[in-house]
Amino acid sequence: KSNQKKTSEALSKALADADSSATARIKELEQTMSTKHEEAKVYEAKTQQEAKDSQEAAAARMKELAEESATKEKAAAEAVAKAEARAKEVEASAGSRIKALEVELKTQEQTSAQALSNAEAQAKDAENSAAAR
């Protein structure tokens, strides 16, 4: 009976430790995911502002050039096209960065779920092993 009690206590402790460890890891991963999500939002806002600023700069430059002589109209159109292309590049870059962060978050969620599943399986194995004894 004493051995059975010790085994039961050891099993309970192992289960509690596994649960505690899995819970801590899940909280850590949730915090990481939250941080990554916030970083993605900040990055997206910054990139949208850069695109807006770039477009505003392009519009201002276009007005400036339009007020100059007719011979400079071609140069104005080229400057606008370059600014718009840059704005599009900035927007596309933000989109891919956000998608990459979303993929990373999903991967972390899967890793977390697998870690919990592994911890539960180990606890069950320990329980079965203890029961077999």
Lys82 side chain near Arg86 side chain, heavy-atom distance below 4.5 Å: no
CD-NZ distance between Glu39 and Lys46, expressed to the nearest 0.5 angstrom: 12.0 Å
Sequence-distant partners of Glu127, side-chain contact (heavy atoms from CB on, under 4.5 Å), two or more places apart: Leu11, Leu15
Euclidean distance, Ser54 OG relative to Lys88 NZ, rounded to 0.5 Å: 11.5 Å
More than 12 heavy atoms from other groups under 6.0 Å of CD on Glu9: yes
Leu29 side chain reached by Glu109 side chain, heavy atoms, under 4.5 Å: no
Side chain to side chain, Lys106 and Val103, heavy atoms closer than 4.5 Å: no
Pairwise side chain to side chain donor-acceptor pair (under 3.5 Å) hits with a residue in residues 110-122, at least two apart: Gln114-Asn118
Student check: side-chain heavy atoms of Leu101 and Glu104 closer than 4.5 Å: yes
Between CG on residue Leu105 and CD1 on residue Ile98, distance to nearest 0.5 Å: 11.5 Å
Set of side-chain contact (heavy atoms from CB on, under 4.5 Å) partners for Glu64, sequence neighbours left out: Arg61
Residue pair Lys41, Glu38: steps toward the salt bridge (Lys or Arg N to Asp or Glu O under 4.0 Å) verdict: CA-CA 5 Å; Lys41 287 202 294 195; Glu38 287 305 313; 3.4 Å; yes
Enclosure of Met33 CE (heavy-atom neighbours >12, cutoff 6.0 Å): yes
